[in-house]
Protein chains: 2
Amino acid sequence: MSSLLELRHLRTLTALRDAGNLSRAAELLNLTQSALSHQIKLLESIYGGALYERKSVPPRFTAIGARLLELSDRLLPHVDTAELDLARLAAGTAGQLRIAVECHTCFDWLMPAMDEFRARWPEVEMDIVSGFNPDPVGLIPQDRADFAVVSRHDPSVPGVDFHPLFRFEIVAILSRSHVLVDKPWLEAADFAGQTLITYPVPDEMLDVVRQLLGPAGMTVQRRSTELTAALLQLVASGRGIAALPLWAVKSYLDRGYVRHCTIGKDGLYGSLYGACAGHLSGTPYMADFVRLVRESCFLTLPGITLL
Amino acid sequence: MSSLLELRHLRTLTALRDAGNLSRAAELLNLTQSALSHQIKLLESIYGGALYERKSVPPRFTAIGARLLELSDRLLPHVDTAELDLARLAAGTAGQLRIAVECHTCFDWLMPAMDEFRARWPEVEMDIVSGFNPDPVGLIPQDRADFAVVSRHDPSVPGVDFHPLFRFEIVAILSRSHVLVDKPWLEAADFAGQTLITYPVPDEMLDVVRQLLGPAGMTVQRRSTELTAALLQLVASGRGIAALPLWAVKSYLDRGYVRHCTIGKDGLYGSLYGACAGHLSGTPYMADFVRLVRESCFLTLPGITLL
DNA sequence: TGTTAACAATGAACTTTTTTCATATTGCAT
DNA sequence: ATGCAATATGAAAAAAGTTCATTGTTAACA
């Protein structure tokens, strides 16, 4: 009899707008595309008209859809702050969050999430564990870090919980005139004789080595530097090939500074996980942090898939 | 994973506050007390504490409950206006609503609902069908009224839909010194020799006659007047007995101006229904009107039960 | 001090809604 | 045309939500 409208529907609408299409919205909400499609169909039957034009990207909303979206924008921020207040009521507002990363590039997307987090949890002390850490997960049991971004999910470490973050493609980066640049994809053999330009991390942390060169029994010469920009400068000037996350180099590719090539017939993919101290894993602020990271990455980084 | 909070929960909380206890809140929402109890239990498990103190009336909310209620107060008005906008988008905003009543007392509670309605649907022309109408339902097929408040549900009239409104107790009103005033309840025989003071409506519209005196084969002398105040003045000065809805005389009873007595061992109950033209029955504005009437009556009139 | 009445809680059965799964359809671009 | 990405759809499964029947609890009252 009375209204069937629920917050769920409003969250779907805003996710649709933010993500750009239903499938991506579903990913953002941890639901299936089908679920959202059914939801929208239901709303459309209630309000007697389409909510948005399916084809257009970004989605164009109809008057009905726009009115619902306007409502969402009014409501959801209040819901969010209320839930934040309630979480703080339940568990207190203080804590610490020392963050360690395996690879510097992560700061690109970590920073915005950290800024957002700082605003939401002003009384949680946030720090970056400085220095070079080949094994950031190891810092957690030593109580030198609370959260680490790592590329492998290793459930064997006791007292550490892993939260899946996202999956992304790793591509080979070549100079514009590189001989390999027009191959449809690169295989292990193509790396023979090339210099691999990387971040300064151990061999076994590199997905190209782990997944492609290692299994093929190959070793290549390596050269490393910390900054992505420096790394690409080396590639552009023909000193070698890099293998980097697509999201880290998208802007350089778009500008035509360097070119890229798929690694392996089906592409090479890496994943990232957030490792956190078991005793913090359930706290509201840690849960909120992980959520913020996933969300901001999904909306910011091109071509990634949430895990 | 993400939030489980839905508008449903917020509506429950505000209904609880408005209605004063869970059972009444359930009535307001057309749900069972059990449903709301389960809902609240769920919220309490999510937020880790009680939402309100069960015993106290009116309910005293805890910090958690109060925060949720604060959220409700922010959100629900927006939801309401959004749904109003959407309803108008779908069906247009104009229409007419000519209201007929069987009994004048109804204006007491009709007025506030009408005021509210006027604010919500400014382009619906609202009128009161004046004059004296022994059969208000009859005006609907004649297209002289769109909505009528009546005491009987008569599904045989074609083209007219009945919306149940509420049920209430009808009590006998006696002067403070009346001989019958200390009886635990009145039976048909007690009315012998008494004058029945009523609104000027035909015998068969009076619930006392229909349900008690008629079946007992009794007829009594009657005297009638339009205004409740005048009617009670007659009772107070010993000219006879009245049989009136408890809600209509509650304030006089509380002031001790007259006294009352249950009619029949289990009390005498009347009901009211909203009759409306079939072609308007499904329109958003008519649905909204019926809802407003039920809601405002429930919150305003003492001792009634929604149907 | 029982008795009753009103309100709330509870567990199980049941209903409805929501979600997924598997697959079809659609529109667009190559 | 063919393939691809996005969306739609129907049926099955899962998850909520609601009711029913009953039990606790409290307070008022004879």
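Residue numbers start from 1 in every chain, and the chains themselves are labelled A, B, ... in the order their sequence lines are given, proteins ahead of strands. Remember, it's a predicted structure, so these values are computed and weren't measured experimentally.
The CD1 atom of A/Ile40 sits 14 Å away from the P atom of C/dT18 (whole-angstrom rounding). When rounded to the nearest whole Å, the span between CZ of A/Arg11 and P of C/dT18 equals 13 Å.
Note that B/Arg291 lies outside the cation-pi zone of B/Phe289, set by a 6.0 Å cut-off to the ring centre and a 45° limit from the axis. Both tests pass for A/Arg24 against the ring of A/Phe298: distance under 6.0 Å to the centre and angle within 45° of the axis.
When the side-chain nitrogen and oxygen atoms of B/Gln39 are compared with OP1 and OP2 of D/dT18, one or more of them lie within a distance under 4.0 Å. Within the structure, every side-chain polar atom (N or O) of A/Ser34 is placed at least 4.0 Å from both OP1 and OP2 of C/dT19. Using a 4.0 Å cut-off, some side-chain N or O of B/Arg54 falls inside it from OP1 or OP2 of C/dA9. Here A/Asn21 reaches the OP1 or OP2 of D/dT7: one of its side-chain N or O atoms lies under 4.0 Å away. Note on B/Thr32: every side-chain N or O is 4.0 Å or more away from OP1 and OP2 of D/dT18.
For B/Arg167, the CZ atom counts as densely surrounded, since its 6.0 Å shell holds more than 12 non-hydrogen atoms of other residues, nucleotides or ligands.
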Using nucleotides 25-30 of chain C, report all nitrogen or oxygen pairs with the protein that are shorter than 3.5 Å.
none

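In this structure, B/Leu36 reaches neither bases nor backbone, as no heavy-atom distance under 4.0 Å exists between it and the strands shown.
Counting all heavy atoms, side chain and backbone alike, A/Asp18 lies closest to A/Leu299 at O-CD2, 3.7 Å.
Residues B/Arg259 and B/Asp182 are paired through a salt bridge, judged by an N-O separation under 4.0 Å between the basic side chain and the carboxylate.
To the nearest 0.5 Å, atoms CD1 (B/Ile64) and CD1 (B/Ile46) are separated by 11.0 Å.
Sequence order on DNA chain D of the closest nucleotides to A/Arg8 and A/Tyr52 puts A/Tyr52 first from the 5' end.
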